[in-house]
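Below: the structure, in structure tokens.
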Amino acid sequence: MIRVTPAPEPPDFDVKVRQPGLLAIAEMTGQMPRYPRKSGRAFEPRTRKDVQPDGTSISVLIDRPEDLPSSELKPYWTEAIDDLMQAYDEVCAYSCFRIHPVQNTIDRLGLNDFRSYREEDAVCYWEEQVSFARLVKESPFVALELRRQGRLLAGDV
């Protein structure tokens, strides 16, 4: 394992990232914001569809931050990219790969388009439809991430 020493928080991280992010989450879940809105329109509360016992679906307000889909959240952290690039000497503190100062690369390359396939690979492994050895060969990122999270099946630990 590569040791990564956390860099100091960028000086304007709270104003550019934390406060807008927490404000958005509070507004989308109908909570009282900890920070005042300084500009722009408030986010509308988000809803989800709940299926009733009779098979009909109704819209229910999302009132817990953990229930918000990640697709609803603006990536405020990207406001700190330049500071993070400098603080970590252009090495991603999460994946330990050297990165280059290119924004929107994931979106431009469509890398998130494959997210559902990675999720499917994990589910197939958990349902024992594929072995861990096969998962390592076919979907190495998923295999390594499951190991990192301690989510391997008992015999594969």
Side-chain angles (χ1 to χ4, degrees), residues 1-10 13-14 17-18 20-31 34 43 45-81 83-157:
M1 178 174 293
I2 299 171
R3 183 173 184 78
V4 176
T5 304
E9 187 173 284
F13 184 85
D14 190 61
V17 179
R18 184 178 295 113
L22 291 174
L23 175 65
I25 289 170
E27 289 176 349
M28 286 191 264
T29 57
Q31 308 295 319
R34 290 175 27 192
F43 286 94
R46 299 305 198 256
T47 60
R48 68 172 187 274
K49 298 285 184 199
D50 269 6
V51 178
Q52 300 301 296
D54 65 1
T56 60
S57 64
I58 60 170
S59 289
V60 176
L61 285 175
I62 295 175
D63 59 359
R64 299 179 335 149
E66 56 269 27
D67 293 336
L68 281 171
S70 60
S71 60
E72 293 287 327
L73 303 173
K74 180 181 173 195
Y76 289 105
W77 70 271
T78 60
E79 296 295 324
I81 284 178
D83 291 326
L84 294 172
M85 292 281 289
Q86 183 176 5
Y88 287 99
D89 195 28
E90 297 183 358
V91 173
C92 176
Y94 177 75
S95 65
C96 294
F97 287 109
R98 182 152 305 280
I99 54 176
H100 303 282
V102 179
Q103 293 199 18
N104 301 318
T105 301
I106 290 176
D107 291 336
R108 187 168 54 249
L109 295 176
L111 297 177
N112 276 335
D113 296 348
F114 300 101
R115 180 179 177 189
S116 63
Y117 295 116
R118 293 191 303 265
E119 290 171 354
E120 184 178 328
D121 289 344
V123 169
C124 287
Y125 166 72
W126 288 324
E127 293 177 351
E128 299 185 29
Q129 296 173 15
V130 297
S131 68
F132 185 67
R134 184 68 171 183
L135 186 66
V136 169
K137 183 175 182 177
E138 299 293 328
S139 193
F141 175 80
V142 172
L144 292 172
E145 187 60 16
L146 292 179
R147 175 175 280 148
R148 185 189 71 79
Q149 293 181 19
R151 298 178 71 187
L152 296 179
L153 297 175
D156 295 326
V157 177

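All values reported here derive from a predicted model rather than from experimental measurement.
- Residues Asp63 and Gln31 are in side-chain contact: their nearest non-hydrogen atoms beyond the backbone lie under 4.5 Å apart.
- Every residue two or more places apart in sequence or in another chain that forms a side chain to side chain donor-acceptor pair (under 3.5 Å) with Ser139 is listed here: Asp121.
- Contacts of Glu72 classified as salt bridge (Lys or Arg N to Asp or Glu O under 4.0 Å), with partners at least two apart in sequence or in another chain: Arg46.
- Residue Ala80 comes nearest to Phe13 through the heavy atom pair CB-CD1, 4.0 Å, listed as atom of the first residue, atom of the second, then distance.
- Residue pairs meeting the salt bridge (Lys or Arg N to Asp or Glu O under 4.0 Å) criterion with at least one partner in residues 132-147, sequence neighbours excluded, are Arg134-Glu138, Glu145-Arg148.
- Legend: residues meeting side chain to side chain donor-acceptor pair (under 3.5 Å) with Glu79, ordered by chain and number and at least two apart, are absent.
- Applying the side chain to side chain donor-acceptor pair (under 3.5 Å) criterion to Glu127, with sequence neighbours excluded, gives Gln129.
- Between Phe141 and Arg118, the shortest heavy-atom distance links the atoms CD2-CD, 4.2 Å.
- In this structure Asp54 satisfies the salt bridge (Lys or Arg N to Asp or Glu O under 4.0 Å) test with no other residue, sequence neighbours excluded.
- Atom CD of Glu27 and atom CG of Leu22 lie 11.5 Å apart (nearest 0.5 Å).
- Proximity of Leu146 to Leu135: side-chain heavy atoms (C-beta onward) are separated by under 4.5 Å at one or more points.
- Listed here is the closest heavy atom pair of Gly21 and Tyr76: CA-CD1, 3.6 Å.
- When every heavy atom of Ile25 is checked against every heavy atom of Thr29, the shortest pair comes out as O-OG1, 2.8 Å.
- Scanning for side chain to side chain contact (heavy atoms under 4.5 Å, CB included) contacts around Pro45 gives Leu61, with sequence neighbours left out.
- Partners of Gln52 according to the side chain to side chain donor-acceptor pair (under 3.5 Å) rule, which considers only residues two or more places apart in sequence or in another chain, do not exist here.
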Practice task
Determine, step by step, whether Arg48 and Ser59 satisfy the side-chain contact (heavy atoms from CB on, under 4.5 Å) criterion, reporting the C-alpha distance in whole Å, the side-chain angles of both residues, the deciding distance to 0.1 Å, and the verdict.
Solution key: CA-CA 6 Å; Arg48 68 172 187 274; Ser59 289; over 6 Å; no
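- The 12-atom threshold is exceeded at CH2 of Trp126, counting heavy atoms of other residues, nucleotides or ligands nearer than 6.0 Å.
- Here Arg64 pairs with Glu66, Asp67 under the salt bridge (Lys or Arg N to Asp or Glu O under 4.0 Å) rule; sequence neighbours left out.
- Partners of Phe132 under the ring pair (Phe, Tyr, Trp, His ring centres under 6.0 Å) rule, at least two apart in sequence or in another chain, are Tyr125.
- The ring-ring contact (aromatic ring centres under 6.0 Å, His included) pairs that include a residue from residues 53-75 number zero, where partners must be two or more places apart or lie in different chains.
- Residues forming a salt bridge (Lys or Arg N to Asp or Glu O under 4.0 Å) with Arg18 (at least two apart in sequence, or on another chain): Glu9, Asp14.
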